[in-house]
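Notes for the one structure printed next.
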Amino acid sequence: KNDLWVGQLETRIQKFFEDAINKKKPICLFIDEIDTICPEPLGKITEGFDHDKITTIIQKKIDSLVGTQVVLFGATNYLHKVKNAIKSRAEIVSFQLPNLTQRTKIITHQLRDVFIQDEAIIDEIAIATTGWSPRLLIRYLDKVKSNKNKTHAFVNEFESFREVMAQECKLNAHIEAPKLKFSSNYDDYLTSFVLNDKVRDALDNILLFFNNPTLYKNLLKSTRNLLLTGPAGTGKTSFARIVANEANALFININAGDYKANPYQLKEVFLFAKQYESAIIFIDEIDAIAYEGAPTKEVLQTEMDGFIQNKENVLLVIAATNHPKHIAQTVLSRFNMVEVPLPTLEQRTKIFGNHLRTLTKNNSLILSTELENLETVAFEFAKKSEHFSPRDIEKVIDSAIEKAITANLKRRKNPSTHFGHQYKPQSLQTNPILTKSLIEEAIENKTQEKNIQLEFNFLNLNKMSV
């Protein structure tokens, strides 16, 4: 970043090597992030540098070290990005992320002088820290040790370091690390997606695979990757996220639309996942990169086959699409397909009930007395919301709450204002009141919105057919 003039970096590199050689004594040279100055053509190019010229200089200087007392060390997090001409001149030593056994040893050693009431916390941390580097793990444990209340610190500090771990993953994707003490109550998920028998079986089978990977890999050669189909808003992304949390796997969420013109970038995602003990890649709108003739189709197929053949790590691809017919058959054959449908009347009743039950625990909101019989009103709302997805229902509840807040703000207007003056909402002195009529109004508005969208889609289909 300090090389502002043309040729300055090349001159500094030559001087770097020559100064060491001229000292005529044992010296170790170290170049960190060597991939940034000697990248493969498809790698990330640093603007303003002549990478081919720099690579040629470094090649010659490495060759000139023969017979001297100088040794060169290079470091990179992305070996596949380093020029082959440089890699061929080096012995490659790979530092892997610690596995479960190694993480347990690190945690036990770091906490050797700490009194812990429940020893099970060590196992829980070791399981939940898949993908953590030793440096990050030690920083987390140091933070815990410096806290007087160790029991609470284990959980509270974990969330902040979990976010740091995800941020350190430099990838064009949304990364989520496993959570500590994640709830396994399936009923908690009913506000996110419909847990019918097929979806529940798919979830159970994936978790069995993650808990018994050796058995599955030795006996089964068929695909375990999962393709979720169904209307928008049915919770396909939520399903994949829950699977990753239940399996204590790194969750890598990518939108296929961001990769449709860049096969190399897609390959990077798979290479990244292979570094981890267990990982799930979730590809939303996979039809954008998996149609017949797509430039990314071959890379996708090759990398998915590599996941199945991988004997060391537990890796899985879960994909989602609203248009399975647009996906090439060669890609479809690499998935097991599960439909995530719109909820039935009974399921919508449960979803509304779960949302309302959650709101009763929120001290910032008051539910009117007509909402006290949750099961009855949830059933009434469900009858009025046919063809609603879980996302639609969530938006209905949010819309009703927003109107309750607005109404409350208007009630709390500044009493000193007069006609013609603008009202300025004051801080709330009483909590907003959510009423049955507000939710019914939100359902009606959502129904009208969906009808308009259906008409628009119908008109577009007619235009396409013409």
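What you are looking at is a predicted structure, and each value in this text was computed from that prediction instead of being measured.
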**Message:** Applying side chain to side chain contact (heavy atoms under 4.5 Å, CB included) to Ile106 and His109, what does each step give before you reach the verdict?
**Reply:** CA-CA 5 Å; Ile106 293 171; His109 178 71; 5.9 Å; no
**Prompt:** Is there a donor-acceptor contact under 3.5 Å from the side chain of Glu10 to the main chain of Lys53?
**Reply:** no
**Request:** Start with the C-alpha distance between Leu356 and Ile439, add both sets of side-chain angles, then the distance that settles side chain to side chain contact (heavy atoms under 4.5 Å, CB included), and finish with yes or no.
**Result:** CA-CA 11 Å; Leu356 293 172; Ile439 297 176; 4.0 Å; yes
**Prompt:** Where does the angle between the aromatic ring planes of Tyr78 and His80 fall among parallel (under 30°), tilted (30 to 60°) and perpendicular (over 60°)?
**Reply:** perpendicular
**Request:** Check Pro178 against Phe158 and note the closest heavy-atom contact, atom names and distance.
**Result:** O-CE2, 3.6 Å
**Prompt:** With the threshold set at 4.0 Å, does a side-chain nitrogen-carboxylate oxygen contact exist between Asp197 and Arg200?
**Reply:** no
**Full working for side-chain hydrogen bond (donor to acceptor under 3.5 Å, both in side chains) between Thr302 and Asp305** = CA-CA 5 Å; Thr302 303; Asp305 291 344; 5.9 Å; no
**Asked** Of the non-hydrogen atoms in Ser278 and Ala249, which two are nearest, and what is the gap between them?
**Response** OG-CA, 3.6 Å
**Item:** Minimum-distance pair of heavy atoms, taken over all atoms of Ile443 and Phe388
**Value:** O-CZ, 3.7 Å
**Prompt:** Would Thr344 and Gln347 count as having a side-chain donor-acceptor pair, cut-off 3.5 Å?
**Reply:** yes
**Asked** Is the number of heavy atoms from other residues, nucleotides or ligands within 6.0 Å of CD (Gln329) greater than 12?
**Response** no
**Message:** Using a strict threshold of under 4.0 Å (side-chain N to carboxylate O), is an ion pair present between Glu339 and Lys198?
**Reply:** no
**Asked** Could you go step by step and tell me if Cys38 and Ile58 meet the side chain to side chain contact (heavy atoms under 4.5 Å, CB included) rule?
**Response** CA-CA 9 Å; Cys38 299; Ile58 292 178; 3.4 Å; yes
**Message:** Atom CZ of residue position Arg112 - does it have more than 12 heavy atoms of other residues, nucleotides or ligands inside 6.0 Å?
**Reply:** yes
**Prompt:** Between Glu277 and Arg103, does at least one N-O distance fall below 4.0 Å, as a salt bridge requires?
**Reply:** yes
**Asked** Quick one: does Asn408's side chain have a donor or acceptor within less than 3.5 Å of a partner on Ala404's backbone?
**Response** no
**Request:** Apply side chain to side chain contact (heavy atoms under 4.5 Å, CB included) to the pair Glu386 and Arg348, showing each step before the final yes or no.
**Result:** CA-CA 9 Å; Glu386 191 176 2; Arg348 291 197 303 277; 4.2 Å; yes
**Asked** For Glu449 and Lys446, what are the C-alpha separation, side-chain angles and deciding distance, and is it a salt bridge (charged side-chain N to carboxylate O under 4.0 Å, His left out)?
**Response** CA-CA 5 Å; Glu449 181 188 317; Lys446 191 66 186 175; 3.0 Å; yes
**Message:** Any salt bridge linking Glu303 with Lys274? Criterion: basic side-chain nitrogen under 4.0 Å from a carboxylate oxygen.
**Reply:** yes
**Prompt:** Stepwise, does the salt bridge (charged side-chain N to carboxylate O under 4.0 Å, His left out) test hold for Lys145 with Asp142?
**Reply:** CA-CA 5 Å; Lys145 286 190 288 185; Asp142 284 344; 3.5 Å; yes
**Request:** Take Glu33 and Thr76, measure what side-chain hydrogen bond (donor to acceptor under 3.5 Å, both in side chains) needs, and give me the verdict at the end.
**Result:** CA-CA 5 Å; Glu33 298 182 9; Thr76 178; over 6 Å; no
**Complete:** Heavy atoms of Pro432 and Ser364 approach each other most closely as CD-O, 3.3 Å
**Prompt:** Quick one: do Glu159 and Arg162 make a salt bridge, cutoff under 4.0 Å?
**Reply:** yes
**Request:** Inspect the surroundings of CZ in Phe16 and state if more than 12 heavy atoms from other residues, nucleotides or ligands are less than 6.0 Å away.
**Result:** yes
**Message:** Are the side chains of Tyr291 and Ile327 in contact, using a 4.5 Å heavy-atom criterion?
**Reply:** no
**Asked** With no hydrogens and no angle check, do the side chains of Lys179 and Asn248 hold a donor and an acceptor under 3.5 Å apart?
**Response** no
**Message:** Please check: side-chain N/O of Thr129 versus main-chain N/O of Ile125, any donor-acceptor pairing under 3.5 Å?
**Reply:** yes
**Asked** Does any N or O in the side chain of Asn262 come within less than 3.5 Å of the main-chain N or O of Gln265, such that one atom is a donor and the other an acceptor?
**Response** yes
**Asked** Between Asp284 and Lys236, is the closest basic N to carboxylate O distance under 4.0 Å?
**Response** no
**Prompt:** Would Thr104 and Gln102 count as having a side-chain donor-acceptor pair, cut-off 3.5 Å?
**Reply:** no
**Asked** Can you tell me if Asn225 uses its side chain to pair, donor with acceptor, with the backbone of Ile318 under 3.5 Å?
**Response** no
**Request:** Please answer whether the main-chain N or O of Gly257 pairs with a side-chain N or O of Asn255 as donor and acceptor at a distance below 3.5 Å.
**Result:** yes
**Prompt:** Taking the side chain from Asn431 and the backbone from Asn363, do they hold a donor-acceptor pair closer than 3.5 Å?
**Reply:** yes
**Complete:** What one should report as the nearest heavy-atom pair of Ala202 and Val338 is CB-CG2, 4.0 Å
**Item:** Closest non-hydrogen atom pair, Ala328 against Lys297
**Value:** CB-CD, 3.6 Å
**Asked** Does Arg334 use its side chain to pair, donor to acceptor, with the backbone of Val331 at less than 3.5 Å?
**Response** no
**Message:** Does Lys143 qualify as a cation-pi partner of Tyr140, given the criterion of NZ or CZ under 6.0 Å from the six-membered ring centre and within 45 degrees of its axis?
**Reply:** no
**Prompt:** Do the non-hydrogen side-chain atoms of Ile351 and Pro343 ever get within less than 4.5 Å of each other?
**Reply:** yes
**Asked** So, Asp287 and Thr321: side-chain donor and acceptor under 3.5 Å apart, yes or no?
**Response** yes
